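Everything numeric here is computed off the predicted structure, so don't read it as measured data.
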Amino acid sequence: MSDTAPSPAANCVEKLKGYVRTQKGLILAAEIFISFIIIICYAASTYGGYSAVAICEMIFSMVFFGLFMMEMDKQILVINWVWTDLFRAGIGAVLYLITSLICVIGGAGDGARIAGGVFGLMAGILFAYDTYTIFLVVKSTRQHTAAATDNTT
């Protein structure tokens with residue numbers, strides 16, 4: 001007899017498809033993709049040392065993508081995942097902008113380094129947008145307590 005129960009791999013693929021359709025999933029997937037493009041550009045360059053930022057940020061984005069896709073952030077409550085993601089995206093934006101400006105300004109004669117710098121500037125803007133969207137989530141979920149307004153004198 002055939003077993004009609006869905007396999008765990010099919011369930012994971014469905015979660016992947018569903019998460020990529022969300023705004024956060026699309027942003028993380030774009031961060032992974034553009035970081036991979038930057039790694040390729042810097043690998044083709046004569047100065048390959050700038051690829052460290054792209055490798056680290058791609059790995060961090062992949063970890064957060066998997067974590068949020070599998071909804072492990074709702075199971076592991078010891079860490080505040082929103083703030084952790086905010087710091088990841090903010091630091092990534094700053095690092096990408098700094099290294100990309102260095103590559104674009106000082107990359108005369110090395111087309112791959114300049115291309116990596118241009119993609120890095122786009123990645124910096126993408127990470128900054130991710131930081132902004134996370135900041136909006138932090139701002140909307142913050143609890144406000146009303147001040148006492150007793151007028152009894």
Side-chain angles (χ1 to χ4, degrees), residues 6-145:
S7 68
N11 190 21
C12 185
V13 170
E14 291 302 318
K15 283 186 177 183
L16 174 70
K17 288 179 183 178
Y19 187 66
V20 170
R21 290 187 183 118
T22 65
Q23 179 187 8
K24 182 65 180 174
L26 185 64
I27 291 171
L28 282 171
E31 288 175 358
I32 294 167
F33 179 73
I34 199 163
S35 294
F36 183 68
I37 297 295
I38 293 166
I39 291 170
I40 292 171
C41 290
Y42 285 153
S45 171
T46 56
Y47 300 99
Y50 294 107
S51 61
V53 172
I55 291 170
C56 290
E57 289 302 325
M58 185 174 85
I59 291 171
F60 291 149
S61 295
M62 290 169 74
V63 167
F64 275 85
F65 185 88
L67 191 99
F68 291 148
M69 178 189 72
M70 300 304 283
E71 296 180 351
M72 289 184 186
D73 58 324
K74 293 174 180 61
Q75 296 172 358
I76 304 170
L77 301 175
V78 177
I79 299 171
N80 189 335
W81 292 106
V82 177
W83 279 98
T84 306
D85 195 28
L86 179 76
F87 287 131
R88 175 202 61 86
I91 291 170
V94 170
L95 289 177
Y96 264 129
L97 291 175
I98 290 171
T99 56
S100 298
L101 286 174
I102 291 170
C103 289
V104 169
I105 292 170
D110 190 0
R113 183 176 167 191
I114 294 174
V118 171
F119 281 115
L121 289 172
M122 290 191 291
I125 293 169
L126 180 64
F127 274 79
Y129 176 71
D130 192 14
T131 305
Y132 175 71
T133 59
I134 299 165
F135 176 74
L136 291 179
V137 170
V138 168
K139 188 177 171 184
S140 69
T141 59
R142 192 171 38 180
Q143 297 289 334
H144 293 285
T145 56

Query - Contact summary for Cys103 and Ile114, nearest pair of heavy atoms - result: O-CG1, 4.3 Å
Query raised in the report: Does CZ belonging to Phe60 count more than 12 external heavy atoms closer than 6.0 Å?
Result: no
**Report entry** Heavy-atom donor-acceptor pair, Thr133 side chain to Asp130 backbone, under 3.5 Å
**Finding:** yes
Query raised in the report: Can you tell me how far the OH atom of Tyr129 sits from the CZ atom of Phe135, to the nearest 0.5 Å?
Result: 15.0 Å
Query raised in the report: Between Phe127 and Leu97, is any pair of side-chain heavy atoms under 4.5 Å apart?
Result: no
Requested in this report: Hey, could you give me the CD1/CD1 distance between Ile39 and Ile34, rounded to the nearest 0.5 Å?
Outcome: 11.5 Å
**Report entry** Interatomic spacing from CZ in Phe64 to CG in Asp73 - rounded to 0.5 Å
**Finding:** 9.5 Å
Report summary line: Between Ile38 and Ala123, the two heavy atoms sitting closest are CD1-CB, 3.7 Å
Report summary line: In terms of heavy-atom contacts, Thr46 and Asp110 come closest through OG1-OD2, 3.1 Å
Report summary line: Glu31 meets the salt bridge (charged side-chain N to carboxylate O under 4.0 Å, His left out) criterion, sequence neighbours left out, with Arg88
Query raised in the report: For Phe68, does the CZ atom have more than 12 heavy-atom neighbours from other residues, nucleotides or ligands under 6.0 Å away?
Result: yes
Query raised in the report: Is the number of heavy atoms from other residues, nucleotides or ligands under 6.0 Å of Tyr42 OH greater than 12?
Result: yes
Query raised in the report: Could you state the interatomic distance from CD1 (Ile27) to OH (Tyr132), rounded to the nearest 0.5 Å?
Result: 12.0 Å
Query - Flag side-chain contact, heavy atom, 4.5 Å: Lys24 against Ile134 - result: yes
Report task. Check for a donor-acceptor pair, side chain of Thr131 on one end and backbone N or O of Ala89 on the other, with a separation under 3.5 Å. Result -> yes
Requested in this report: Find out whether Ser100 and Met122 are in side-chain contact, i.e. whether some heavy atom of one side chain is under 4.5 Å from a heavy atom of the other.
Outcome: no
Query raised in the report: Measuring from Ile79:CD1 to Leu67:CG, what's the distance to the nearest 0.5 Å?
Result: 8.0 Å
Query raised in the report: Is a side-chain donor or acceptor of Trp81 paired with a backbone partner of Met72 at a separation under 3.5 angstrom?
Result: no
Query raised in the report: How close do Met58 and Ser35 get, heavy atom to heavy atom, and via which atoms?
Result: CB-CB, 3.6 Å
Report task. Evaluate the criterion side chain to side chain contact (heavy atoms under 4.5 Å, CB included) for residue pair Val82 and Thr141; output intermediate values, then yes/no. Result -> CA-CA 10 Å; Val82 177; Thr141 59; 5.8 Å; no
Query raised in the report: Hey, what do you get for CE (Met70) to CD (Gln75), rounding to the nearest 0.5 Å?
Result: 9.0 Å
**Report entry** Neighbour count above 12 (heavy atom, 6.0 Å) for Met62 CE
**Finding:** no
Requested in this report: Check whether any side-chain heavy atom of Tyr19 lies under 4.5 Å from a side-chain heavy atom of Leu28, and answer yes or no.
Outcome: yes
**Report entry** Shortest non-hydrogen contact between Val137 and Ser140, atoms and distance
**Finding:** O-OG, 3.0 Å
**Report entry** Side-chain touch Phe65/Leu16, heavy atoms, less than 4.5 angstrom
**Finding:** yes
Report summary line: Closest non-hydrogen contact found for Tyr50 with Tyr47 is CD1-O, 3.9 Å
